[in-house]
Structure formats: C-alpha cells, structure tokens
Amino acid sequence: MTEKSITYSSEFKIKAIKQSKQGMKSTQIFELAGLPSHLIGKGKSDQSLSRWKRLYKDHGEDVLLQETRGSKNNGPYGPREQLSLQEALDKANARIAYLEGNLELEKN
C-alpha cells in the first residue's frame, strides 16, 4: 500500500472470491483483512471484488495469479495488439487526416 495505490495479493483476491461465494459482503471481507472502507475508499471493495469475480469467471484462477500492473504488452485479457511499423504509421496518418478535417470544419 502506498499513498496513491493499493496492491492486493493474489491469495487475497482468491480468498475474497471464495468468501463472497459463501455469502459474505465485500465490505465484511475487506474489513476482516484490515481494510475498512474509510481506508480504501467508499465502494472500492465492491468494485474490486466485482472485477476479480468477472476475471475469475471468464479466465479462471490463473489470471488472478498474474501481476499485470506496469506491463505494456499484457493485460488480464491477454496480449495487446502489436502493430507493425507500417501499420502504426498508417494509423497515425489516418488520425492526422481526420483531425485536420475536423480543424477545417471548425474554421468554416
């Protein structure tokens, strides 16, 4: 835990999901772990647990064992799309043309 963020362990995420399946509320789960809502933010326990449950349901337990923060190429849903240099250039040129067209519309 830092001033700006909280990182939850994989073990905590999995345990929280199991406790939720047994009927515990997210606020109870987090408070038992020493993380009351005034510390992590109102509603954050619900948001976090919902996200973990969705990931668990869609991708299994292994996705919760992976640390994806700070990774540019991977997310919880798999590798991000990699563009070739030419594809990236084409995409950038298309965006420039689009923005220039919008600028012309604003001038008229």
Side-chain angles (χ1 to χ4, degrees):
M1 178 181 235
T2 67
E3 287 182 25
K4 295 183 179 182
S5 69
I6 299 172
T7 303
Y8 301 100
S9 71
S10 300
E11 294 80 16
F12 175 71
K13 294 175 187 178
I14 293 166
K15 183 177 180 181
I17 290 170
K18 290 178 181 176
Q19 290 174 322
S20 175
K21 286 181 179 181
Q22 293 172 351
M24 288 182 71
K25 302 286 183 194
S26 62
T27 50
Q28 292 174 298
I29 295 167
F30 279 69
E31 285 178 7
L32 284 174
L35 300 164
S37 60
H38 73 272
L39 182 66
I40 62 172
K42 187 174 181 178
K44 293 294 183 183
S45 61
D46 287 333
Q47 290 174 357
S48 297
L49 185 56
S50 293
R51 183 175 59 253
W52 302 336
K53 286 166 68 173
R54 186 176 57 250
L55 286 170
Y56 182 86
K57 179 183 174 212
D58 294 346
H59 304 284
E61 188 173 305
D62 288 346
V63 76
L64 297 174
L65 299 173
Q66 303 168 11
E67 176 56 54
T68 57
R69 281 190 182 191
S71 174
K72 292 182 181 179
N73 295 324
N74 292 312
Y77 306 108
R80 294 186 183 155
E81 178 185 6
Q82 294 293 315
L83 300 177
S84 70
L85 186 57
Q86 186 60 49
E87 290 170 325
L89 182 60
D90 291 344
K91 189 174 180 179
N93 284 332
R95 178 142 174 86
I96 290 168
Y98 170 78
L99 292 171
E100 286 175 342
N102 282 345
L103 185 60
E104 283 299 316
L105 287 174
E106 290 291 322
K107 288 181 181 178
N108 295 328

Ile29 side chain reached by Ser45 side chain, heavy atoms, under 4.5 Å
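They are not in side-chain contact.
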Does any part of the side chain of Ile6, heavy atoms only, come nearer than 4.5 Å to the side chain of Leu39, both counted from C-beta?
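Heavy-atom side-chain distance check fails, nothing below 4.5 Å.
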In terms of ring plane angle, is the pair Phe12 and Phe30 parallel, tilted or perpendicular, where the classes change at 30° and 60°?
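Perpendicular.
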Taking atom [atom1] of [X] and atom [atom2] of [Y], what is their separation to the nearest 0.5 Å?
| X | Y | atom1 | atom2 | result |
| --- | --- | --- | --- | --- |
| Ile17 | Ser50 | CD1 | OG | 10.5 Å |
| Leu55 | Lys13 | CG | NZ | 8.0 Å |
| Arg54 | Leu49 | CZ | CG | 11.0 Å |
| Leu64 | Lys53 | CG | NZ | 12.5 Å |

Could you pull out the closest heavy-atom pair between Glu31 and Pro36, with the gap in Å?
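Closest pair (atom of Glu31, atom of Pro36, distance): CG-CA, 3.9 Å.
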Work out which heavy atom in Leu35 is nearest to a heavy atom in Tyr8; give both atom names and the distance.
CD1-CE2, 3.7 Å
Donor-acceptor contact present, side-chain Ser37 to main-chain Lys42, <3.5 Å:
no
Derivation and outcome, side chain to side chain contact (heavy atoms under 4.5 Å, CB included), residues Asp58 and Val63:
CA-CA 9 Å; Asp58 294 346; Val63 76; over 6 Å; no
